[in-house]
Amino acid sequence: MLEINDVSVANRLQQLRVEIASGQLVGVIGPNGAGKSTLLQALAGVTPSSAGWIEFNQTNIDKCSAHRRRQLLSYLPQYSKFSEPVTTCDLLKLSQINLQATPQQRKDWRTSAIAKFQLDALRGRPVTELSGGEQRRVAIACMASSNRPLMLLDEPVSGLDLYHQLSTMDWLKSCAQQGATVLIAIHDLALAAQYCDHLLLLNKGQQLAFGSPSEVLSDTNLASAFQVSVDWLCHAKGVAMLTRRLDN
Amino acid sequence: MKWVLAIVTTLLVIMWHLGSGGDSWSLWPSTSLDTYILEQIRIPRLLLATANGMALGAAGAILQLMLRNPLAEPGITGISGGAAVATVGALYLGQFNPIGLALPFIGMMGGLFALLCLWLFAGRYPQGIRIILVGVALSAIFGAFIAVVLNLAPNPFAFQEWALWLMGSVANRGWPYIWLIAPALCLSALIVWWQRNFIQVQVFDEQTVETMGFHTSRSKFLLLLAVALLTSASVVSAGIIGFIGLVAPHLIRLLGIRQPLAIVAGSTFAGAALLVGVDALVKSIDTRVELQLGVVIALIGAPWLLVLLLKQRGSHAGN
């Protein structure tokens, strides 16, 4: 269980209160500047919260030690960049530093991440020489190699081609089904509606709605937060949306 | 093969250094004068050049990794400026014997004071770019102070003496200066070993590193402390020597070393080989007054920097 209790971050996020059960994939949505990244940064301990507290499985994660937090969560920032041309294989090993896990577990997680994100051909290549989308896949694979119970991903599918967007979302869904709590900031509302168990809609640093996709993605909420109206095209295999600006 | 070539080149450079700057020499001297020259002049100079190269190479690599900036070098932190202004200022006030160890101690304190300023101005959660900006500002301030002190020099001889010292040299220093820089090297090596995992994760962006289980502020401060010790010890023992900290990590990257900790270790030895090589060159060039080491390194290092920038432009164009 992840409990966010009246958390505020300077002028960017105000008194957010949400409870998220384990095993859920939660999409954090909202327009630019709504506070999505700030919320994930506050949960990850990258940005200190100015008020409130955050508990994950009875541990106060904004007060616990950095080492303890490392065992609980993994975080993918919006812009992940690698500064030295280490190989993909070496990078996955480096991403497991400070984890409490046996060498065999680490190896299994790396092997599984390489398979899931189709990185076999990139194993020996320097990460700085990969394309933007490939680097993003490697960064997500680093998260997969950590295998933590709380996963925070800031726009994980941005920059990925359609196939890898879907495979990443499938993987996140399977992580949630295996018991992990997964929070993602996401702009693609169709993907969010299709995959997420719950959505948290933020606007101007405040919580506008929290609930199932059908509850949150109401005409009123979308008009209020995004100034758009949406026609949903629902199919058994997926969801698509037709959007138009309200001021047009 | 690259490694064999690097080791053989290093050994040749050492032999060149020991042999240059005199009419005759031998590793096994026959007369007491030759023994004295070898033990009190040639070997201390070689060791001081080695220690300075190690210090600057390691400091440069740590900074480039931690600041995620391939053009970072010890000079941009303001630490060498702090050590230099403290030393020149102490000489100006005339309170310290230029041969004694009080003066280098004052220089070290100047370097550590610069680190303190850097840390205070960089903020509670210092990001790489902020450290660079504060460092550049501090370097400018200390540079201005040095200019003022030189401007107020009591006589032309003092001015020339101080200006030459600032240009950097390892000539005629003797064993005491090696004992001065050795503890700084050892202490920094301990800090680097303690923080080896933090150095390794510097390939990731700063936000990711924040979530990887490190007390990041403390680790950054400790690594900057190691850089301050290495840089200050180098400045007080040999003056300001630029470019070694910049070039050594790139030389190691050219050898195909990519892991951050290996880059630090490799740069330590590459820095030593480079500095010993340039000092051997300085000893070999027959001029009326021996050229200052820092000047020759700048003459070689600055064009190298341009080559690196051209190469970087080429790789960007390729992308």
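Chain naming here is simple, since letters A, B, ... match the order of the sequence lines and numbering starts at 1 in each. The basis for the numbers below is simple: all heavy atoms, side chains too, and nothing from hydrogens, waters or symmetry mates.
In this structure, NZ in A/Lys81 is found 12.5 Å from OG1 in B/Thr208, a value given to the nearest 0.5 Å. The distance from the NE2 atom of B/His215 to the NE2 atom of A/His67 is 13.5 Å, given to the nearest 0.5 Å. Atom CE of B/Met212 sits about 9.0 Å away from atom CD of A/Gln96, to the nearest 0.5 Å. Here the straight-line distance linking atom CE of B/Met66 with atom OG of A/Ser83 works out to 12.5 Å at 0.5 Å rounding. To the nearest 0.5 angstrom, B/Gln200 atom CD is 11.5 Å from A/Lys93 atom NZ.
The number of heavy-atom neighbours closer than 6.0 Å to CZ of B/Phe121, taken from other residues, nucleotides and ligands shown, is 12 or below. Within a 6.0 Å sphere centred on CZ of B/Phe113, other residues, nucleotides and ligands contribute 12 heavy atoms or fewer. Other residues, nucleotides and ligands place more than 12 heavy atoms under 6.0 Å from the CZ atom of A/Phe56.
Of all heavy-atom pairs spanning A/Ala44 and B/Thr211, the tightest one is O-CG2, 3.6 Å. Nearest heavy-atom pair, B/Asp205 versus A/Ser80, reported as atom, atom and distance to 0.1 Å: OD1-CA, 3.4 Å. Taking all atoms of both residues into account, the shortest heavy-atom contact from B/Arg258 to A/Val86 is O-CG1, 3.4 Å. Scanning both residues, A/Glu84 and B/Val203, for their nearest heavy atoms gives CB-CG1, 4.1 Å.
Contact count versus chain B (heavy atoms, under 4.5 Å) is highest, among A/Cys142, A/Ser95, A/Pro126, for A/Ser95. Interface remark: of the candidates B/Ile263, B/Val209, B/Asn197, B/Asn197 forms the most heavy-atom pairs closer than 4.5 Å to chain A.
Only the backbone of B/Gln202 has a heavy atom closer than 4.5 Å to any heavy atom of chain A. Proximity to chain B is limited to the side chain of A/Gln41, based on heavy atoms less than 4.5 angstrom apart. For chain B, the nearby part of A/Thr87 is the side chain; its heavy atoms alone come within less than 4.5 Å.
Residues A/Asn98 and B/Phe214 form a side-chain contact, since some pair of their non-hydrogen atoms from C-beta on lies under 4.5 Å apart. Between A/Leu91 and B/Phe204 there is a side-chain heavy-atom pair separated by less than 4.5 Å.
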